[in-house]
J.: 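Please find one structure pasted underneath; my questions will follow.
Since this is a predicted model, take the numbers as computed values, not measurements.
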Amino acid sequence: MIELGVNIDHVATVRQARRTYEPDPVWAAVEAHLGGADGITVHLREDRRHIQDEDVRRLRELTHIKLNLEMAATDEMVGIACGLKPEMAMLVPEGRHEITTEGGLDVHGQSTRLREVVARLAGEGIVVSVFIDAELPQVEAAAEIGARVCEIHTGPYADAFFSRGRDAESAPVVAELDRIRRAGDAIRAAGMRFNAGHALNYVNVQPVAALPGVRELHIGHAIVSRAMFVGMREAVREMKRLLREGAAGRPVAGA
């Protein structure tokens, strides 16, 4: 069964615009849960531009579904994760000047440092995920450092979908989907879990949900944007329906 992890960072973005107490990300997490979310994702950034330390602490205490903490592989963030013990920690690249995460983590080029980080997090019982581009050397490196989950960066696919006619059968979109599929096959062959996310929305998500073996999709901005008009619970419900419909269309193994 495909799962949906809802990223609630941008609920906090709205709050931080006024440095006040609302909207509350924890309230958003509860509404997402009631809408059918299987997990909650937050990115505690070095500059604390949206999610704050207290948000993560309260989410850890009050949410009843799994918590995925996106984080840079810094000593500070590793210490926070080891103290809070989210169900999953996803290692991502991070830059102060980026608007959002701009690409996958270079696991291959940072394997020594990342192996130490993975070992420390895993020693605390935390499932470790790495956010990577759909490149086979990165998948191989992720397996070598001991990651249990690879989340494939779907941004290039989403960009192709938006800029090339919004057509899942156009050649550039098919090419990007094939890159994700091949990376997913390699992830599963290495014994890791295949997740995906970034820039997925209500019109481009189903072809990704239909890929063989994809376990979980992490989606934030599109859901929070839709929630402004229909509410968080309904926005999550709509996205979960699309995921299930897409997954139901997967080819049968061996067919």
J.: Atom CZ of residue position R48 - does it have more than 12 heavy atoms of other residues, nucleotides or ligands inside 6.0 Å?
T.: yes
J.: Does any non-hydrogen side-chain atom of V118 lie less than 4.5 Å from one of L91?
T.: yes
J.: Report the residue from Q138, E144, E140 that forms a side chain to side chain contact (heavy atoms under 4.5 Å, CB included) with H108.
T.: Q138
J.: Verify the distance criterion only: is there a donor paired with an acceptor across the side chains of N68 and E87 at less than 3.5 Å?
T.: no
J.: Between V30 and V56, is there shared hydrophobic-cluster membership here, with clusters defined by ILVMFWY side-chain heavy atoms closer than 4.5 Å?
T.: no
J.: Are T41 and N7 close enough that a side-chain donor and a side-chain acceptor fall under 3.5 Å?
T.: no
J.: Does a sphere of radius 6.0 Å around CD in E54 hold more than 12 heavy atoms from other residues, nucleotides or ligands, not counting ones at 6.0 Å or beyond?
T.: yes
J.: Distance from E94 atom CD to H43 atom NE2, nearest 0.5 Å?
T.: 4.0 Å
J.: For H153 and E151, which I'm curious about, is there any donor-acceptor pair between the side chains at under 3.5 Å?
T.: no
J.: Any side-chain heavy-atom pair from V149 and M88 closer than 4.5 angstrom?
T.: yes
J.: Under the salt bridge (charged side-chain N to carboxylate O under 4.0 Å, His left out) rule, what do R15 and D9 come out as? Steps first, then yes or no, please.
T.: CA-CA 10 Å; R15 180 194 61 193; D9 288 350; over 6 Å; no
J.: From H218 NE2 over to T154 OG1, what is the distance, rounded to the nearest 0.5 angstrom?
T.: 11.0 Å
J.: Measure the spacing between CG of L67 and CD of E61 and express it to the nearest 0.5 Å.
T.: 11.5 Å
J.: Can you tell me how far apart CD1 (I219) and NE2 (H198) are? Round to the nearest 0.5 Å.
T.: 12.0 Å
J.: Answer yes if L242 and V203 sit in the same cluster of Ile, Leu, Val, Met, Phe, Trp and Tyr residues linked by side chain heavy atoms under 4.5 Å apart, and no otherwise.
T.: yes
J.: Membership question, hydrophobic clusters at under 4.5 Å side-chain separation (ILVMFWY): are V6 and L62 in the same one?
T.: yes
J.: Evaluate the salt bridge (charged side-chain N to carboxylate O under 4.0 Å, His left out) criterion for residues D38 and K240: first the C-alpha distance (whole Å), next the side-chain angles of each, then the deciding distance (0.1 Å), finally the verdict.
T.: CA-CA 9 Å; D38 301 289; K240 188 68 176 286; 3.1 Å; yes
